[in-house]
Every structure is written in structure tokens, then in C-alpha cells.
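The sequence lines fix the lettering, A, B, ..., with proteins before strands; numbering per chain opens at 1.
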2 protein chains.
Amino acid sequence: MSLQLIDRGSGQGTRDRVYLTLREAITTAQLVPGRRLSENELAGRLGVSRTPIREALALLREERLVAIVPQLGTFVTRVSTSAVADAAFVREALECSAVRLAAEHVDARTLQELHANLAAQESADVAAFDALDDDFHRVLCDASGHTIAWTLTHRANGQLDRIRRLSLPEPGYLREMVAEHHDVMAAVARRDADGAERALRHHLRMVPSLLPALRERHPDYFEEEEGA
Amino acid sequence: MSLQLIDRGSGQGTRDRVYLTLREAITTAQLVPGRRLSENELAGRLGVSRTPIREALALLREERLVAIVPQLGTFVTRVSTSAVADAAFVREALECSAVRLAAEHVDARTLQELHANLAAQESADVAAFDALDDDFHRVLCDASGHTIAWTLTHRANGQLDRIRRLSLPEPGYLREMVAEHHDVMAAVARRDADGAERALRHHLRMVPSLLPALRERHPDYFEEEEGA
DNA sequence: TCGAGCGAGCTTGCATACTAGTACGCAGTG
DNA sequence: CACTGCGTACTAGTATGCAAGCTCGCTCGA
């Protein structure tokens with residue numbers, strides 16, 4: 001019983017593959033919001049049984065990307081203003097706290113990694129940028145010493161990813177993002193926790209600001225929110 | 001298809017019942033850290049099949065209360081200093097952000113609810129206090145307008161709950177907690193976001209500070225953390 | 001006596017069968 | 001024509017069967 005007790009968070013099991021496939025399909029609106037999903041249909045389409053499908057759907061439910069209604073069906077959630085606001089709140093809270101710690105603890109090794117990432121961002125196209133962006137924020141979170149920060153942020157991010165990927169990139173979008181990343185890193189490099197938090201908070205407000213334009217283009221993707 | 005799309009987060013399904021039962025057993029160390037769990041054994045003991053057991057265990061894995069090792073077994077995690085620190089970090093980040101918003105948005109109705117809760121705390125025994133404590137923090141989080149704050153906090157809290165419930169309550173513990181709750185609420189009531197955050201942050205540092213004493217009493221509950 | 005190898009008995013992961021419950025169309029009635 | 005009531009065809013929830021893999025103890029050999 002002197003074993004390592006490591007459970008691989010996201011290995012290469014069937015469930016994880018199904019999860020990633022479905023998540024990708026949902027955030028790109030290949031599976032449009034509101035669409036009904038059938039465990040049987042998905043199982044047939046992906047060539048596996050219902051069991052791993054169910055487990056993957058359970059994970060997606062945690063991210064509020066699907067809603068499971070007993071004896072009725074599973075649905076791709078429509079975009080909800082409040083769900084997006086919740087996700088943004090969580091990301092801001094966690095990542096800003098993390099970046100404060102990062103600014104205090106950061107070492108040369110990490111700074112170099114961030115620097116290299118930023119350099120790559122300079123000359124990246126939209127497709128490559130997404131991965132670099134994720135990596136940048138992950139490194140930043142990990143530098144806080146709490147890897148959980150990125151784990152949870154990434155999960156809350158399902159909502160935000162969908163917004164970002166459904167929104168048409170405006171001209172100058174990439175330049176803007178890279179510039180903001182620079183600001184954050186510069187503050188971290190000079191051990192300025194307050195500055196880093198401020199810069200990051202500004203940076204993170206970007207995604208929710210895309211909502212109105214998206215809503216105009218795809219009103220059918222949105223939940224009709226009735227004022228309580 | 002004009003239905004409500006509400007998926008009850010924690011209804012009264014078999015899976016939820018199993019989840020709550022196991023979580024209770026783990027946080028009270030009725031199932032001691034390190035113990036091996038068998039899906040079959042649990043299924044037999046709880047009178048259900050393996051399927052809902054598996055789903056409940058998957059939820060507990062998210063809280064790092066169990067570790068699932070393929071083809072080997074499922075284990076109650078030992079207390080890990082870093083896991084506790086991670087949980088405390090998450091709770092602090094989320095709840096402090098929430099309380100800032102709460103201080104700005106709070107209404108009379110909520111203040112009254114908090115007040116009533118505090119009054120009840122004054123005359124509660126240890127057992128009743130736990131529920132009131134949870135409720136106090138939940139109301140506080142909900143007042144921010146982001147119910148997700150408490151949802152995630154509560155989840156990260158598995159680690160902290162276990163510490164709290166395994167630690168022997170020191171004399172004056174309850175009085176101390178209630179006093180700190182008072183401080184937080186007072187700051188919220190006077191719309192003092194900075195003060196509320198400060199008071200709450202202090203309050204939340206309590207649980208991790210219980211670790212050393214617990215480690216002395218139950219060294220076998222702890223993961224031996226090797227310095228990297 | 002000690003060590004290597006193999007097999008039995010576990011484990012979880014995945015596939016399949018069955019149960020309970022909802023939505024919706026269609027027949028029958030007022 | 002409008003409406004009620006039932007039956008069919010779906011759904012997710014649960015139970016069970018099967019496959020792949022790891023651990024550990026027993027056996028056999030030196």
C-alpha cells in the first residue's frame with residue numbers, strides 16, 4: 001500500500017477523449033446551443049457505449065455547457081448572461097489572486113517561459129494564439145504555487161471559451177491581447193502585485209464585452225432571460 | 001421544447017444520496033484517510049449497484065477526497081498540506097471577491113437574514129453551529145449576485161471540512177468564530193468592502209491553522225510530503 | 001533458506017440489458 | 001372544429017455482465 005495514489009486528471013482514457021471531443025464541438029457551436037443530445041446517438045456516433053458518454057456529460061454539466069434533465073434529455077445550454085458573468089467572476093477572482101502571489105514568488109525560470117510565450121504570440125495567427133493564450137495564463141497561475149487556480153479557471157472557462165470562439169475576431173484584436181499580456185507580465189516582472197492584478201483584471205474584462213455583438217448576430221444562441 | 005431546462009444540482013436521486021453519505025463518512029473520518037474503497041463493497045453496503053457509486057466517487061474525486069487509480073482501487077485521500085492550502089486559496093479568493101460585491105449590493109432583506117443567523121449562532125452548540133456557519137457564508141456569497149461563488153467554495157471545502165471536523169474544538173472556539181462573523185457582517189452592513197474583505201480573510205485563515213495540531217494527533221492521516 | 005515466476009483474486013473501465021418516466025401524436029368524443 | 005385521453009417512442013437512471021490489468025501469495029527450484 002505504499003503506492004503513489006496519483007490519479008491522472010486527464011489521461012487518454014475513452015471518457016477523456018469523449019469529453020474533449022464534445023467540449024470542442026460545443027464551444028465551437030458545432031453543436032449549437034439549445035440542441036438536444038441523446039446519449040444513445042452520441043454513443044453510436046463516437047463508437048463507444050453510453051457509460052463513458054454519461055461520464056463526459058457529467059463533467060460538461062459541471063461547466064454548465066450541458067443541462068441534464070432526468071427522463072427527458074440532455075441539452076446544450078444556451079448562452080446565459082448570468083452564467084457568463086459567473087464564469088467571469090470566478091476567473092477574475094481566482095486568477096487575480098494567483099497573479100498577486102505570482103508577482104511575489106516568481107522566479108527567473110518562469111519569467112523566461114512567459115517571455116518566450118509572448119514572443120511566440122507576436123508572430124502567431126488566430127488559431128495558434130488560442131493555445132499560447134491558454135498557456136500564458138496557465139504558467140501565470142502555476143507561478144502562484146497553486147495549480148488548482150488554473151484547473152478551476154479552465155473549468156469555469158467553458159462559458160467564456162464559447163463566447164470567444166463564436167465572436168468574430170475584430171481587426172487589431174490580437175495586437176490588443178498581446179499588448180495586455182505584456183502589461184501583466186511587466187508588472188509581475190517588477191514584483192508589482194497591485195499593478196499585475198490591475199492589468200489582469202482589465203485584460204479579463206475583454207471577453208464578457210463581446211457578448212452584445214454576439215447576441216446581435218446569434219440571438220437564437222441566447223437564453224431569453226426574464227427579469228425576475 | 002419550451003421547457004425550463006433546470007437540472008437540479010442536488011436532488012434526491014440515488015447518486016446524490018450516495019454522494020452525501022460518502023462525503024459525510026469521509027469528512028468525519030468514519031472512512032479514515034488512506035483507506036481502500038471498493039465499488040463493489042460500497043454498492044453492497046449501500047444497497048445499490050455500482051453505477052451510482054461510481055458517479056458519486058467521480059464527484060468526490062473532484063474535491064480530492066478520493067483518488068481513483070485505474071485497475072487498482074479507489075482510496076480515501078490522506079490529508080495533504082498542499083491540497084489544504086489549495087482549497088484555502090480558492091475559498092479565500094472566491095469568498096473575498098464575493099464579499100466585496102456583497103458589501104456594495106447588499107439589501108435590507110439579506111442583512112436581516114445574516115443578523116438572524118448570527119443571533120442563532122450565539123446560542124448554538126457545536127453540532128448546530130456547523131450548519132449555521134455554512135448558511136452564513138452561503139448567504140454572504142449569494143449576496144454578491146454570483147451564486148456560483150458558494151457552489152465552488154463549498155466544493156473546495158471538502159478538504160477544509162475534514163480538517164475542521166477532525167480537530168477537537170478548543171475552548172472558546174465558538175465564541176471566537178461568532179465574533180469574527182460579527183466583524184464581517186458589521187463591515188458589510190456599513191458598506192465597507194475593504195474592511196469586509198480584511199475581516200473575512202482573517203476569519204478564513206483559521207482552519208488551515210488547525211493543521212499542525214491535527215497532524216500531531218493523527219500523523220497517520222497525513223500524506224508524507226517529500227520536499228521535491 | 002532464499003528468490004524467481006506464475007496464477008488466483010482482486011480492482012476499475014466499458015458494454016449491455018432493463019426500469020421508470022416524459023413528450024407528443026392520434027384517435028375518439030362533445 | 002376543439003379538446004380530452006391513451007398509446008407509442010423516445011429519454012435518463014440503474015443494474016449487471018464482461019474485459020483488461022495490477023497486487024500479492026503460493027509454488028517450485030537452487
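Separating the CZ atom of A/Arg36 from the C1' atom of C/dT22 is a distance of 9 Å, rounded to the nearest angstrom. In this structure, the CG atom of A/Leu42 is 16 Å from the P atom of C/dC14, given to the nearest Å. Across the protein-nucleic acid pair, B/Asn40 atom CG and D/dC18 atom P stand 15 Å apart, rounded to whole Å. Atom-to-atom, CG of B/Leu57 to P of C/dT12 comes out at 8 Å; the value is rounded to the nearest Å. One can place CD1 of B/Ile53 at 9 Å from P of D/dA15, the figure rounded to the nearest angstrom. Atom CD in B/Glu39 sits roughly 16 Å away from atom P in D/dG17 (whole-Å rounding). Rounding to whole angstrom units, CG of residue B/Asp16 and C1' of D/dT14 are separated by 14 Å. The separation between B/Phe75 atom CZ and D/dT23 atom C1' is 10 Å, rounded to whole Å.
Salt-bridge annotation for B/Glu104 and B/Arg100: absent, with no side-chain N of the basic residue lying under 4.0 Å from a carboxylate O of the acidic one.
With sequence neighbours excluded, no residue satisfies ring-ring contact (aromatic ring centres under 6.0 Å, His included) with A/Tyr19.
For residues 208-219 of chain B, the set of pairs meeting the salt bridge (charged side-chain N to carboxylate O under 4.0 Å, His left out) definition, not counting sequence neighbours, is empty.
For B/Arg15, no side-chain nitrogen or oxygen approaches OP1 or OP2 of D/dT14 to under 4.0 Å.
Contacts of A/Leu37 with the nucleic acid, taken as non-hydrogen atoms under 4.0 Å apart, involve only primed sugar atoms and P, OP1 or OP2.
Between the side chains of A/Thr74 and A/Arg35, no donor-acceptor pair of N or O atoms lies under 3.5 Å.
Ring planes of B/His181 and B/His203: perpendicular class, angle over 60° (limits at 30 and 60°).
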side-chain hydrogen bond (donor to acceptor under 3.5 Å, both in side chains) evaluation trace for A/Ser38 with A/Arg45: CA-CA 10 Å; A/Ser38 159; A/Arg45 188 186 299 239; over 6 Å; no
Protein-to-nucleotide contact annotation, 5' to 3' order, nucleotides 15-21 of chain C [B base; S sugar-phosphate only; - none; under 4.0 Å, heavy atom]: BBB--BS
